[in-house]
Q: 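Input: one structure, supplied below.
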Amino acid sequence: MTDIPLHLAAVHARIGAACKAAGRDPAAVRLLAVSKTRSAGDVAAAHAAGQTAFGENYVQEAVNKIQTLSHLPLEWHLIGPLQSNKTADVAAFFDWVHSVDRLKIAQRLSAQRPADRPPLNLCLQVNIDDEDSKSGCRPEDAEALARAVMALPGVRLRGLMAIPRPGNPLALTQLAALRERLLANIPALSAAGFDTLSMGMSDDLEAAIAAGSTMVRVGTAIFGERVKHVQEPGLT
Ligand SMILES: *Cc1c(COP(=O)(O)O)cnc(C)c1O
């Protein structure tokens with residue numbers, strides 16, 4: 001027995017209500033189910049309830065799940081920090097990477113994307129409000145990074161992502177404004193499909209949707225409280 005279908009329905013209801021309150025079309029906000037630390041069985045249960053896009057933080061854990069569930073038509077997003085020595089696996093197995101914060105990572109993903117796969121969708125992670133965090137490019141560096149990433153083959157620059165500190169709704173507005181600024185300064189971006197603002201989690205998805213999020217990343221509200229990160233015996 002699992003509550004996942006019920007939880008998913010509740011999250012869709014929250015997204016619908018937030019879109020209504022913000023005067024936005026619910027079809028313009030995608031739900032990414034964050035399945036880090038969850039079993040392949042939990043992912044399959046969410047898929048049976050209609051969920052197709054899943055977000056993962058740890059490359060090896062994700063690759064195990066992706067292989068276990070390769071019979072299902074799932075879309076896999078890497079949302080956790082990415083080290084250079086993991087880019088080949090990510091280029092081979094994922095559909096999206098939200099955590100690109102430097103050119104070297106994008107260049108490796110570009111070079112390593114298998115020729116028989118569609119371009120890998122990338123978001124630039126921006127360190128919008130947390131000086132202590134090492135993840136994310138500085139907002140003032142985002143434009144130069146976007147221009148360089150856009151020029152790479154095998155990848156498609158789709159938008160911006162941030163993980164603001166809890167209780168800082170201003171950061172959500174700032175990320176949305178940064179995306180608008182990049183679109184204005186780099187005309188070719190819209191044609192390239194720069195349509196994504198990846199922000200909002202279980203606790204702040206309403207505020208994120210009000211600020212313009214197009215993809216909310218929700219874990220706990222779908223799968224329950226997380227257990228600590230362990231490799232699952234059935235998946236190794
Ligand atoms: C874990 C995680 C989420 C989901 O957080 P919840 O609070 O469980 O919804 C979203 N984004 C990133 C980058 C994460 O690491």
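Small disclaimer: the values here were computed from a predicted structure and weren't measured. Indexing begins at 1, ligand by ligand and atom by atom, following the structure's order. Excluded from the calculations below are hydrogen atoms, water molecules and symmetry mates; all remaining heavy atoms, backbone and side chain alike, are included.
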Q: Can you see whether Glu56 engages Ser35 through a side-chain donor-acceptor pair at a distance of less than 3.5 angstrom?
A: yes

Q: With ring centroids as reference points, do Phe94 and Trp76 lie under 6.0 angstrom apart?
A: no

Q: With sequence neighbours left out, write down each residue that passes side chain to side chain donor-acceptor pair (under 3.5 Å) with Lys104, or none if nothing qualifies.
A: Ser84

Q: Under 4.0 Å between a Lys/Arg side-chain N and an Asp/Glu carboxylate O for Asp95 and Arg117?
A: yes

Q: Assess whether atom CG of Asp195 is packed by more than 12 heavy atoms of other residues, nucleotides or ligands within 6.0 Å.
A: yes

Q: Please tabulate, one line per pair, the protein nitrogen or oxygen atoms found under 3.5 angstrom from a nitrogen or oxygen of ligand 1, with distances to 0.1 Å, or say none if there are no such pairs.
A:
{"from": "ligand 1", "atom 1": "8 (O)", "to": "Thr220", "atom 2": "N", "distance (Å)": "2.8"}
{"from": "ligand 1", "atom 1": "8 (O)", "to": "Thr220", "atom 2": "OG1", "distance (Å)": "2.4"}
{"from": "ligand 1", "atom 1": "8 (O)", "to": "Arg226", "atom 2": "NH1", "distance (Å)": "2.8"}
{"from": "ligand 1", "atom 1": "8 (O)", "to": "Arg226", "atom 2": "NH2", "distance (Å)": "3.4"}
{"from": "ligand 1", "atom 1": "9 (O)", "to": "Ser202", "atom 2": "N", "distance (Å)": "3.0"}
{"from": "ligand 1", "atom 1": "9 (O)", "to": "Ser202", "atom 2": "OG", "distance (Å)": "2.5"}
{"from": "ligand 1", "atom 1": "9 (O)", "to": "Gly219", "atom 2": "N", "distance (Å)": "2.8"}
{"from": "ligand 1", "atom 1": "11 (N)", "to": "Arg217", "atom 2": "NE", "distance (Å)": "2.9"}
{"from": "ligand 1", "atom 1": "15 (O)", "to": "Lys36", "atom 2": "NZ", "distance (Å)": "2.7"}
{"from": "ligand 1", "atom 1": "15 (O)", "to": "Asn57", "atom 2": "ND2", "distance (Å)": "2.8"}

Q: Using a strict 4.0 Å threshold on nitrogen-to-oxygen distance, state whether Asp141 and Arg138 make a salt bridge.
A: yes

